[in-house]
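Here, residue 1 is the first one in the sequence, and each next residue gets the next number.
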Amino acid sequence: MGISRPSRPVLLTTAATAGALVLTALVPGSATADPTPRPVTREGSPLGADRAARAPEAAAERALGDARSGGTGLGGDKGRGYPREQKLELPPENPADKSIKLGLTPYHGIAPKLNALQRIGDRVSVEIAGRSAGGHQLYLVTVTAPESARETARQTRMRERMENDPAGAAKDEAIKSSYKTPVFINNNIHGNEWEGTDAALKLIERLAKAEDEKSRDLLAHNRLYFNVTTNPDGRIAGTRANANGFDLNRDFITASQPEARAVREIAVAKQPAVMIDLHGYVNGTLIEPTTPPHGENYEYDLFLKNSYANALGMEAAVNGLGYTEAKDGVQPAVIPFRDQKEGWDDWPPIFTPQYMPFHGAVATHTIEFPMQVNNEEYESQPVAELRRRARINTDIAGAAMRATLDYTDRHRTSVIADQIEVFRRGATGAKQVPVSEETVPGVPGIGPEDVYTTEFPRAYVIPADGGKGGRGQRSATAAARLVDHLIANDVRVERASHAFRLGGRTYAKGSYVVDMHQPKRGLANVMLADGRDISDKVSTMYDISGWSLGRLWGASVDAVQGGGLKGVHTRPVQAASQVGYVAPRGDLRLRLDDPREIAALNSLLAQGIPVRRDRDGSAVLPSSARRAAAATAKKYDVAFDATKAKGGVALHRTRVAAAVTPGELFALREMNFDVVPVSTAVLNSGFDWKKADVLFVSAGLDRSELTAAARDGLDRFLAGGGGLVGRGATGAALNADAGLLAVKAVGGNGDANGVVRVVNAGGTVTGGAPDHGFVYSPSWFTDLGPGVRVEQKYGTGNPLVSGHWRAAEDGTGGPADAAGRAAVVSGADGATDVVLFGTEPLFRDHPKGMFPQVGRALLSVGR
């Protein structure tokens, strides 16, 4: 059982920087959680004040396209057995690979090893799961006893029956006796947390060669899947993020990055019952399950039962290696559920182990090995010391992997039965089972603080025409994108063949219905539901606390709470119907309510098509542009309606100088803006302002740190008609320092985040915007001077719908202070070309329905 510990001591783990814990070294090579709570730091903060966000210009090319794009083909079992050997192409050697200094396997050394491992026998297969943002191949290794094509087809049928007929599967003796339990081991999702990859390669080699009966039995009854390195870009560069600057372990649910989409397809195609995700660095080794709050959409009783038991086995294996604090700097392992009070939760579905349970995994874990070798330690420690630490971490990662395989093999029958039960509850609409010492026997310390359940609606309806929302019609383009995203996540969506009435409302033919009696109801609900305000539950959260696609992606989504679907005639769909359309006659209007519509407009402007802006912010094209509109409608799946409006100001291609976070840069490029990243350092090195029409500032630019020449150049740009769009404290500070818009920016609680109610003024910036927004370190504006227009306000009362937003210790900065205050402001008289945001309209490329507010702002202030 490992080290005896008291149940739920005081907070041990709280602080986060860009989602990573802030650690304090206590002994050489160790890191332990700071016991003093600190606010989390917003995404992008590691850029500092002198670095520009970087990503390839073509990085966002597919992000607004097919949500199902993964390109892996991992589900194609037809006609194939195991092994599935292939000779991997060898990447060129890269002596700059940061793994080398640690004595670990560089990325270019992985393919040769996998080629050699495939030749050892008939147990190891390698498939290409996709490519990283930087173009590197992602290797998925399967280790199992050989299967004929017929046996593989049989395994596939059993897996599909578990999801599609869980009641029958629960009684199926063949599944109980011969279904191979899928185990997924995910490595190196943070590029500078290297050692899981090397532990996986060692384990794969051992299993490929093993002749003992236990190993043979393991491979006869289980399929082991290893994502060898999820983030080769970061592994090579020694960065947490991928080549696009994204923390991949924050991208699930949004899946903006190709690496996250590849893992998503593994989840759908392989249906893991157990998974572990290898990270660093927390000393002692941190092994989930987590502290409260627990995700309310899980079947948490089944999850806790297996995850806690597996954690105990991993703890024993790790501590059993014999490393000690006195001798090696290694402290005993920690299980947050048992050993910590709060600060390391499993609430948001953005992390890999918090996403996998929605695909039926009943034991998932983040494992944080202990010995820090990245960041400042990588630069300051001797090579010999770094390699000593890396060897320990590799050893510990291997112990966690072996213990997980042992647990899965010993409990194979019950693990699969629990996975089937997850799907059965979803398919039948059964109630969740609250955790207690009675429902989860053997897990000590369960209290009311661990009980999180939800009431699932009977269905969700997404009107095909976009539906009504806020001040008007919502975008059908947004509805189609949301439907495709649900389907890509294996959520079942149906389309109505006739008009119908449900929940007291009438819906048109073609509307989409998400029947919540489905195996993966938890995933459907975690995406579409509002979420919950958990501000009163805990004092701090590890990362974001609200993420509703139903509120933030721009489509109208209605929850139907009760009743049945008997009178609703539907058919399953594999993709949303195309909505691209061009009116056959007259001038054309393109509503700019969706990021695809902004992207389409920028494409037209780049072609030199004449476009004017109407009073509501939409774009008006002459009838002579119909051919170009038709091609654009097809490419971006947007609609051009007929209009009699002639429009006002002519729109032009807007060139954006952007001092922003990586997520914001990615979103700007999704919308087809011509973007050049800038920062304090870039401006100080000399920047040609003739390349820009507007400056967008949210991070990495401090006017007080500019040289005199750089400050003069910036001031001349702003005085000469260059526009400014600012977001958050950095944008507001630049506005104040430059003496532009007469407003006072007020910062709320710095670690607050979530979905909020807003009231839009309409017009150029917020016309067609949703009546919900997203905040992270929220701010608002007071003391509005003459000529300042309020484009958007926070809702009255408590504007927080879901998330975590408390007042600070002095009682200020809470949602009550923000209520009714200006969230977005602009220079209304046209003399001041400034728009300032107190919300987070582009956060991590997630709140798609808010993107157009930034797009419209950039178009409106660009000279």
Peer 1: Using the rule side-chain contact (heavy atoms from CB on, under 4.5 Å), only one of Val557, Asn489, Val514 pairs with Met527; which is it?
Peer 2: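 Of the listed residues Val557, Asn489, Val514, the side-chain contact (heavy atoms from CB on, under 4.5 Å) partner of Met527 is Asn489.
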
Peer 1: Can you find a side-chain donor-acceptor pair between Asp558 and Tyr507 that sits under 3.5 Å?
Peer 2: yes

Peer 1: Under a 3.5 Å cutoff, is there a donor and acceptor pairing between the side chains of Asn310 and His365?
Peer 2: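 There is such a pair between these side chains.
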
Peer 1: State yes or no: are the ring centers of His294 and Tyr298 separated by less than 6.0 Å?
Peer 2: no

Peer 1: Name the orientation class of the two ring planes belonging to His279 and His190 (parallel below 30°, tilted from 30 to 60°, perpendicular beyond 60°).
Peer 2: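 Rings of His279 and His190: perpendicular, as their planes differ by over 60°.
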
Peer 1: Any luck finding a side-chain donor-acceptor pair between Lys520 and His359 under 3.5 Å?
Peer 2: yes

Peer 1: If we ignore angles and hydrogens, is there a donor and acceptor under 3.5 Å between the side chains of Asn227 and Asn187?
Peer 2: no

Peer 1: Taking only Lys NZ, Arg NE, NH1 and NH2, and the carboxylate oxygens of Asp or Glu, determine whether Arg157 and Asp172 approach each other closer than 4.0 Å.
Peer 2: no

Peer 1: Looking at Arg481 and Asp594, is there a salt bridge between them, counting it only when a charged N and a carboxylate O are closer than 4.0 Å?
Peer 2: yes

Peer 1: Examine the side chains of Lys341 and Thr291 and answer whether a donor and an acceptor come within less than 3.5 Å of each other.
Peer 2: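 Not at all, the side chains of Lys341 and Thr291 share no donor-acceptor pair under 3.5 Å.
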
Peer 1: Between Lys270 and Glu127, is there a side-chain N and carboxylate O pair less than 4.0 Å apart?
Peer 2: yes

Peer 1: Please check if the distance between the ring centroids of Phe226 and Phe184 is under 6.0 Å.
Peer 2: no

Peer 1: Once you measure the plane-to-plane angle for Tyr452 and Trp347, does it fall in the parallel (<30°), tilted (30-60°) or perpendicular (>60°) bin?
Peer 2: perpendicular

Peer 1: Do we see a donor-acceptor contact under 3.5 Å between the side chains of His846 and Thr254?
Peer 2: yes

Peer 1: Between Asn231 and Glu259, do the side chains contain an N or O donor and an N or O acceptor separated by less than 3.5 Å?
Peer 2: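 Result is no, nothing qualifies.
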
Peer 1: State whether Glu494 and Arg571 are salt-bridged, where the test is any N-O pair (Lys NZ or Arg NE/NH1/NH2 against Asp/Glu carboxylate O) under 4.0 Å.
Peer 2: no

Peer 1: Assess whether a salt bridge exists between Arg410 and Asp406, defined as any Lys/Arg side-chain N lying under 4.0 Å from an Asp/Glu carboxylate O.
Peer 2: yes

Peer 1: Salt bridge or not for Glu163 and Arg424, using N-O below 4.0 Å?
Peer 2: no

Peer 1: Among Asp251, Asp277, Thr230, find the one that has a side-chain contact (heavy atoms from CB on, under 4.5 Å) with Thr352.
Peer 2: Asp277

Peer 1: Salt bridge or not for Lys848 and Glu670, using N-O below 4.0 Å?
Peer 2: yes

Peer 1: Is any NZ, NE, NH1 or NH2 atom of the basic residue among Lys176 and Glu173 found under 4.0 Å from an Asp or Glu carboxylate oxygen of the other?
Peer 2: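 Salt bridge flag = yes for Glu173 with Lys176.
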
